[in-house]
S.K.: 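There's a structure below that I have some questions on.
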Amino acid sequence: MIIEKIIQLALEEDIGLGDITSDTIFTPEDRARAVVVAKEDLVLCGMDASREAFWLVDEEVSFQPLKKDGQWVKKGEKVLALEGRTLSILKAERTALNFMQRLSGIATASRQYAEIAKPYGVMVVDTRKTQPAMRKLDKYAVRCGGARNHRMSLADSVMIKDNHIAAAGSIAAAVQRIKNAIGHTPKIEVETTTLDEVQQALDAGADIIMLDNMTPAQAAEAVRLVAGRAITEISGGITKDNLAAYCQAKPNVISSGALTHSVPSKDLSLKITEYIK
């Protein structure tokens, strides 16, 4: 339901007041066929969102996927065929492509990150640094690419970060408050930036220790200090270029906000192929 609302808002933003160009040139009786083509190599994602965009404009538009989400598509390949009212296809075009292009960009980046990390046995996950209101779609695209999701929202798991620690007074105090309130079953993750903080998190009984904004060498030293007594997660400043170096530190998990907060969209284009009389 939330995805439908997002797409409806996107359509209202683009065509809420009409389409002065298409409405002037065409009538509701005009019909056409069209295809969506990949203009570069990519991992496809966003077909469901695209279909929803077309069908919210006109549920009679024929939507025929030629490729599937998560599939590697080469430049020049057709991913989708459409048939219906010319007005409907043109009015939904930009909204549908915007979703497909962004989500395909995330999926493609996620595939690249996951493939780099695979030989090291390290899991790559995303963060909450997603487009506002787009989190479910962004995180779906990450999974399509072969990476994994971190928490979806603040309610999903306990993560004690720097400001929690500052306000509570110490790592030990923050962890103890959590344990006193919610018991022993939820895993507790603690963000650390130094080896001293890593030791504090271990002493406090953290289940997961985030090694935040450390160099690869510092992270490797921290992983050795933990020595399997907690799950280790490296985060902060992770890019495709430095991912392998961080994988060599041998953490369990590496999280990267770059999968969603700044990934470039992929180029897909809709082309009218035939006017139907």
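Position 1 is the first residue of the sequence; numbering continues from there.
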S.K.: Side-chain heavy atoms nearer than 4.5 Å, only ILVMFWY residues, links allowed to pass through others: does that put Val124 and Leu211 together?
M.R.: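 Yes, it is one cluster - the side chains of Val124 and Leu211 are joined through contacts under 4.5 Å.
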
S.K.: Between Asp41 (side chain) and Trp72 (backbone), is there a donor-acceptor pair under 3.5 Å?
M.R.: no

S.K.: Check Ala38 against Leu268 and note the closest heavy-atom contact, atom names and distance.
M.R.: CA-CD2, 4.1 Å

S.K.: Same cluster or not: are Val35 and Phe99 linked, directly or through other Ile, Leu, Val, Met, Phe, Trp or Tyr residues, by side-chain heavy atoms under 4.5 angstrom apart?
M.R.: no

S.K.: Backbone N or O of Arg128 within a donor-acceptor pair of the Arg135 side chain at under 3.5 Å?
M.R.: yes

S.K.: For the residue pair Ala53 and Ile7, what are the closest heavy atoms and their distance?
M.R.: CA-CG2, 3.7 Å

S.K.: Can we say Asp30 and Arg85 salt-bridge, meaning some charged N sits less than 4.0 Å from an Asp/Glu carboxylate O?
M.R.: no

S.K.: Please work out which of the three classes, parallel, tilted or perpendicular, describes the rings of Trp55 and Phe63, given edges at 30° and 60°.
M.R.: perpendicular

S.K.: Do Leu225 and Ile254 sit in the same hydrophobic cluster, where Ile, Leu, Val, Met, Phe, Trp and Tyr count as joined when their side-chain heavy atoms come under 4.5 Å apart?
M.R.: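 Yes.
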
S.K.: Using side-chain heavy atoms (C-beta onward) and a distance below 4.5 Å, is Leu270 in contact with Glu93?
M.R.: yes

S.K.: Give a yes-or-no answer on whether the side chains of Asn149 and Tyr140 include a donor-acceptor pair shorter than 3.5 Å.
M.R.: no

S.K.: I'd like to know if the side chain of Glu233 and the backbone of Val253 have a donor-acceptor N/O pair within less than 3.5 Å.
M.R.: no

S.K.: Do Asp207 and Ile231 have side chains that approach each other closer than 4.5 Å (heavy atoms only, starting at C-beta)?
M.R.: no

S.K.: Using the rule given for side-chain contact (heavy atoms from CB on, under 4.5 Å), can you reason through Ile160 versus Glu191, listing the C-alpha separation, both sets of side-chain angles and the distance that settles it, and then say yes or no?
M.R.: CA-CA 6 Å; Ile160 300 173; Glu191 179 184 272; over 6 Å; no

S.K.: First locate atom NE2 of His150, then atom OG of Ser235, and finally report the distance between them rounded to the nearest 0.5 Å.
M.R.: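 Rounded to the nearest 0.5 Å, the NE2-OG separation comes to 7.0 Å.
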
S.K.: Is the backbone of Gly105 close enough, under 3.5 Å, to the side chain of Ser265 for a donor and an acceptor to pair up by distance?
M.R.: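 Answer holds: no.
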
S.K.: Is a side-chain donor or acceptor of Gln71 paired with a backbone partner of Lys68 at a separation under 3.5 angstrom?
M.R.: yes

S.K.: Under 4.5 Å between any side-chain heavy atoms of Val142 and Ile106, yes or no?
M.R.: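 Yes, at least one pair of side-chain atoms sits under 4.5 Å.
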
S.K.: Please check if the side chain of Gln218 supplies one atom and the backbone of Thr215 the other of a donor-acceptor pair under 3.5 Å.
M.R.: yes

S.K.: How far does NZ of Lys74 sit from NZ of Lys67, to the nearest 0.5 angstrom?
M.R.: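 One gets 9.5 Å once the value is rounded to the nearest 0.5 Å.
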
S.K.: Once you round to the nearest 0.5 Å, how far does CG of Leu56 lie from CD of Glu12?
M.R.: 10.0 Å

S.K.: Just so I know, are the side chains of Thr95 and Asp14 near enough to count as touching, which here means a heavy-atom distance under 4.5 Å?
M.R.: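 Answer yes - side chains close enough.
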
S.K.: Lys91 pairs by salt bridge (charged side-chain N to carboxylate O under 4.0 Å, His left out) with which of Asp23, Asp58, Asp19?
M.R.: Asp23

S.K.: Looking at Leu87, is its backbone amide N or carbonyl O close enough to the side chain of Ser22 to form a donor-acceptor pair, meaning the two atoms are under 3.5 Å apart?
M.R.: no

S.K.: Check whether any side-chain heavy atom of Thr192 sits under 4.5 Å from a side-chain heavy atom of Met214, and report yes or no.
M.R.: yes

S.K.: Under a 4.5 Å cut-off applied to non-hydrogen side-chain atoms, are Leu90 and Phe26 in contact?
M.R.: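 Result yes, sub-4.5 Å side-chain heavy-atom pair found.
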
S.K.: List the steps, then state whether side-chain contact (heavy atoms from CB on, under 4.5 Å) holds for Met47 with Leu80.
M.R.: CA-CA 9 Å; Met47 293 295 277; Leu80 170 64; 4.2 Å; yes

S.K.: Test your reading of the model: is there a side-chain donor-acceptor pair from Ser104 to the backbone of Cys45, 3.5 Å cut-off?
M.R.: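 It does hold such a pair.
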
S.K.: Run the numbers on Leu103 and Leu137 for side-chain contact (heavy atoms from CB on, under 4.5 Å), then give the verdict.
M.R.: CA-CA 7 Å; Leu103 298 179; Leu137 288 169; 4.0 Å; yes

S.K.: Looking at every heavy atom in both Gly146 and Ala114, which two are closest together, and how far apart are they?
M.R.: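 That would be O-CB, 3.7 Å.
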
S.K.: Taking the basic N atoms (NZ, or NE/NH1/NH2) and the acidic carboxylate oxygens, is any pair closer than 4.0 Å for Lys75 and Asp267?
M.R.: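 Salt bridge: no.
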
S.K.: How long is the gap from OG on Ser157 to CD on Glu189, to the nearest 0.5 Å?
M.R.: 7.0 Å

S.K.: Does atom CZ of Arg94 have more than 12 heavy-atom neighbours, drawn from other residues, nucleotides or ligands, at distances under 6.0 Å?
M.R.: yes

S.K.: Might you work through the salt bridge (charged side-chain N to carboxylate O under 4.0 Å, His left out) test for Asp138 and Arg102, ending with a clear yes or no?
M.R.: CA-CA 8 Å; Asp138 283 2; Arg102 172 173 173 79; 2.7 Å; yes

S.K.: Are the side chain of Lys139 and the backbone of Met134 linked by a donor-acceptor contact shorter than 3.5 Å?
M.R.: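 It does not hold such a pair.
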
S.K.: Do Glu197 and Ile171 have side chains that approach each other closer than 4.5 Å (heavy atoms only, starting at C-beta)?
M.R.: yes

S.K.: Same cluster or not: Ile234 versus Leu202, using hydrophobic residues (I, L, V, M, F, W, Y) connected whenever any side-chain heavy atoms lie under 4.5 Å apart?
M.R.: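 Ile234 and Leu202: one cluster.
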
S.K.: Could you report the tightest heavy-atom contact between Val43 and Arg111, atom names first, then the distance?
M.R.: CG1-NH2, 3.7 Å

S.K.: Tell me whether Thr232 contacts the main-chain N or O of Asn252 through its side chain, where contact means a donor paired with an acceptor under 3.5 Å.
M.R.: yes

S.K.: Compare every heavy atom of Ala222 with every heavy atom of Leu195, then report the nearest pair and how far apart it is.
M.R.: CD2-CA, 3.6 Å

S.K.: Can Thr193 and Asn213 be said to form a side-chain contact (heavy atoms from CB on, under 4.5 Å), step by step?
M.R.: CA-CA 7 Å; Thr193 58; Asn213 284 302; 5.6 Å; no

S.K.: Of all heavy-atom pairs between Val263 and Ala109, which one has the smallest distance, and what is that distance?
M.R.: CG2-CB, 3.6 Å

S.K.: With heavy-atom distances below 4.5 Å as the criterion, would you say the side chains of Glu83 and Val61 are in contact?
M.R.: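 A side-chain contact is absent here, since even the closest heavy-atom pair is not under 4.5 Å.
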
S.K.: Hey, quick one: are Leu11 and Phe54 part of the same hydrophobic cluster, counting side-chain heavy atoms closer than 4.5 Å, chains of contacts allowed?
M.R.: no

